[in-house]
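For reference, the structure discussed in these notes is given below.
As a basis for the values below, the full set of heavy atoms in this structure was taken, side chains included, without hydrogen atoms, waters or symmetry mates.
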Amino acid sequence: MTLTNGKSFWTRHFSADEFGILETDITFLLIFIAIFLVSCYFGYILRGRQLLHTTYKMFMGAAGVEVLSLLLFCIYWGQYAQDGVGNSSIKVLAKLLFSASFLIFLLMLILLGKGFTVTRGRISHLGSIKLSVYMTLYTVTHTVLFIHEAQFFDPAQVLYTYESPAGYGNIALQFLAYIWFCYAVLVTLKHFPEKQAFYVPFFAAYTLWFFAVPVMALIANFGIPKWAREKIVNGIQLGIHLYAHAVFLIITRPSAANKNFPYHVRTSQIGIMEQNTEKFPHHVYGNVTFISDSVPNVTELFSIPSNNGSAGGITKPVQYPVTLGQCYSHLTSESHHVIIPPLLNGGPGSLKVPVGETQLGGLQQLHTPQIHHQNGFPEYFSIRSTGPQPM
């Protein structure tokens with residue numbers, strides 16, 4: 001005996017509480033594919049500017065996993081529309097990917113709240129332990145939630161996933177994550193107030209997101225009739241995920257008109273800065289002119305923002321012979337000494353001169369390195385002078 005709900009493909013094998021789920025999933029799948037492709041394009045631009053940081057890669061990963069999850073959901077519901085049974089393994093895998101996307105995005109938000117890749121290059125050892133413990137607890141509760149649903153939920157009844165002890169535990173962990181998020185953002189703004197252009201809208205937007213998930217769960221459990229619960233909750237849940245991804249995509253778009261862009265330190269500079277401190281120098285943005293969308297700004301490859309917000313590097317006049325030791329000293333702004341070859345001062349042996357000072361004894365004054373053009377291309381790495389050349 002086969003019981004059906006009309007002859008339409010969209011309703012024939014679906015119960016009343018499942019009407020519209022397949023159409024909703026297909027719609028959100030197309031939207032999330034567009035978001036993922038746009039994030040990949042933005043990632044390509046950021047990679048060309050050496051601003052493709054770990055947090056943005058996590059966002060791209062969360063969007064990609066979300067697309068895979070929705071694709072599997074569409075496959076499951078499409079097969080269910082054909083035979084009225086479907087493949088339960090595909091549905092379980094889709095739910096696992098959906099939860100994985102949520103966890104990746106949640107971890108990214110907490111890391112950004114702590115300033116990772118925005119105001120600091122690494123998380124402290126204690127902070128890493130706390131994050132590991134919290135994400136482990138969240139993963140375990142999600143796993144228990146799936147096991148509880150598979151073992152104890154009666155398929156003849158219409159029950160919501162969060163209507164269980166493990167579901168309430170997830171809601172409690174969501175509130176704990178929001179408290180941690182608030183504290184992290186406030187501490188970051190206290191030490192880096194110049195980042196308010198990013199963190200104020202970031203905090204406001206994701207405060208709504210943090211409260212939307214538990215509020216939705218409570219409303220679904222106590223406010224939505226059982227005959228309409230599954231389709232309504234499915235649409236609201238996907239809408240919340242879409243809101244979270246769309247907001248992050250907008251506030252991190254690599255455009256000169258975007259005043260909320262968070263990153264100012266290039267990926268090639270993080271290793272040098274982490275030698276002395278885990279925090280980045282105070283600076284608003286590194287490339288406010290956005291010279292190119294596909295190639296790095298060569299004039300800023302070796303430029304590191306100083307504490308007063310100005311960039312140091314090859315644009316600063318140098319009043320002494322340029323050697324490899326001096327270039328490294330100039331980049332890291334540390335106090336090093338360099339060896340001047342004996343040919344320059346005419347005396348035997350070598351003489352140590354602190355960087356930033358010039359010896360005016362027997363040393364002939366050299367000109368500041370200039371950028372010369374040949375065949376229309378600047379020679380950024382050629383140093384010419386009218387005086388004697390070091391050997």
Side-chain angles (χ1 to χ4, degrees), residues 31-32 34-36 38-43 45-46 49 51-63 66 101-121 123 131 174-216 236-266 279-290 293 305 309:
I31 296 175
F32 270 100
I35 289 180
F36 178 67
V38 173
S39 68
C40 290
Y41 172 69
F42 286 170
I45 295 176
L46 293 174
R49 296 171 183 161
L51 293 174
L52 184 57
H53 289 282
T54 303
T55 47
Y56 200 87
K57 294 177 182 177
M58 294 176 67
F59 166 68
M60 295 170 60
E66 187 88 16
S101 173
F102 173 81
L103 292 176
I104 293 172
F105 197 87
L106 177 63
L107 177 61
M108 182 204 68
L109 290 182
I110 296 177
L111 289 175
L112 282 174
K114 294 174 71 68
F116 181 62
T117 70
V118 177
T119 62
R120 62 169 70 186
I123 302 297
L131 279 173
Q174 184 83 0
F175 278 112
L176 179 61
Y178 177 69
I179 295 174
W180 194 0
F181 176 75
C182 292
Y183 175 77
V185 170
L186 291 177
V187 171
T188 301
L189 283 178
K190 179 181 178 181
H191 294 92
F192 291 85
E194 67 272 16
K195 286 295 184 179
Q196 290 183 5
F198 168 73
Y199 275 106
V200 170
F202 174 76
F203 177 77
Y206 288 105
T207 292
L208 297 177
W209 180 80
F210 270 104
F211 280 100
V213 175
V215 168
M216 177 200 66
I236 295 176
Q237 196 169 23
L238 290 176
I240 292 174
H241 279 229
L242 176 61
Y243 166 81
H245 286 77
V247 167
F248 190 83
L249 189 69
I250 292 173
I251 65 176
T252 57
R253 69 191 189 279
S255 169
N258 182 17
K259 304 302 180 183
N260 309 119
F261 190 74
Y263 307 118
H264 72 272
V265 174
R266 303 185 187 280
K279 294 184 178 179
F280 293 158
H282 290 263
H283 198 282
V284 181
Y285 303 110
N287 187 5
V288 294
T289 56
F290 291 96
D293 287 343

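No close placement of the Y206 and F181 rings is indicated, their centers lying 6.0 Å or farther apart.
With sequence neighbours excluded, the residues satisfying side-chain contact (heavy atoms from CB on, under 4.5 Å) with L208 are Y243. Applying the side-chain hydrogen bond (donor to acceptor under 3.5 Å, both in side chains) test to Y178 and every residue at least two apart in sequence or in another chain returns T207. With sequence neighbours left out, the ring pair (Phe, Tyr, Trp, His ring centres under 6.0 Å) criterion links F42 to no other residue. Listed by chain and residue number, T119, Y199 satisfy the side-chain contact (heavy atoms from CB on, under 4.5 Å) test with T188 (two or more places apart in sequence, or in another chain). Residues satisfying the side-chain contact (heavy atoms from CB on, under 4.5 Å) criterion with V187, sequence neighbours excluded, are Y183, H191.
What you find for F59 and S39 is that their closest heavy atoms are CE2-CB, 3.7 Å. Summarising the geometry of Q196 relative to P201, their closest heavy-atom pair is O-CD, 3.8 Å, with the distance given to 0.1 Å. Taking each heavy atom of S101 and E66 in turn, the nearest pair found is OG-OE1, 2.8 Å. Nearest heavy atoms, M58 versus I104: O-CG2, 3.5 Å. Here the closest heavy-atom approach between residue G43 and residue L52 is recorded as O-CD2, 3.8 Å. Closest non-hydrogen pair, P254 versus F261, comes out as CA-CE1, 4.0 Å.
Distance CH2/W180 to CG/L106: 9.5 Å, rounded to 0.5 Å. The line from CD of Q237 to CZ of F102 is 9.0 Å long, rounded to the nearest 0.5 Å. Atom-to-atom distance recorded for I31:CD1 and L238:CG is 9.5 Å, nearest 0.5 angstrom. Taking OG1 from T54 and CG from L112, the interatomic distance works out to 10.5 Å, rounded to the nearest 0.5 Å. Taking CD1 from I123 and CD1 from I110, the interatomic distance works out to 10.5 Å, rounded to the nearest 0.5 Å.
Side-chain contact check for T55 and Y263: at least one donor-acceptor pair (N or O, by modelled atom type) lies under 3.5 Å.
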Can you give the donor-acceptor pairs under 3.5 Å from side chains of residues 244-251 to other protein atoms, not counting sequence neighbours?
{"residue": "H245", "atom": "ND1", "partner": "H241", "partner atom": "O", "Å": "2.8"}

Given side chain to side chain contact (heavy atoms under 4.5 Å, CB included), test F202 with L109 step by step and report yes or no. CA-CA 9 Å; F202 174 76; L109 290 182; 3.7 Å; yes

Could you walk me through whether L111 and T117 pass side chain to side chain contact (heavy atoms under 4.5 Å, CB included), step by step? CA-CA 8 Å; L111 289 175; T117 70; over 6 Å; no

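Considering only heavy atoms from C-beta on, L242 comes within 4.5 Å of I35 through its side chain.
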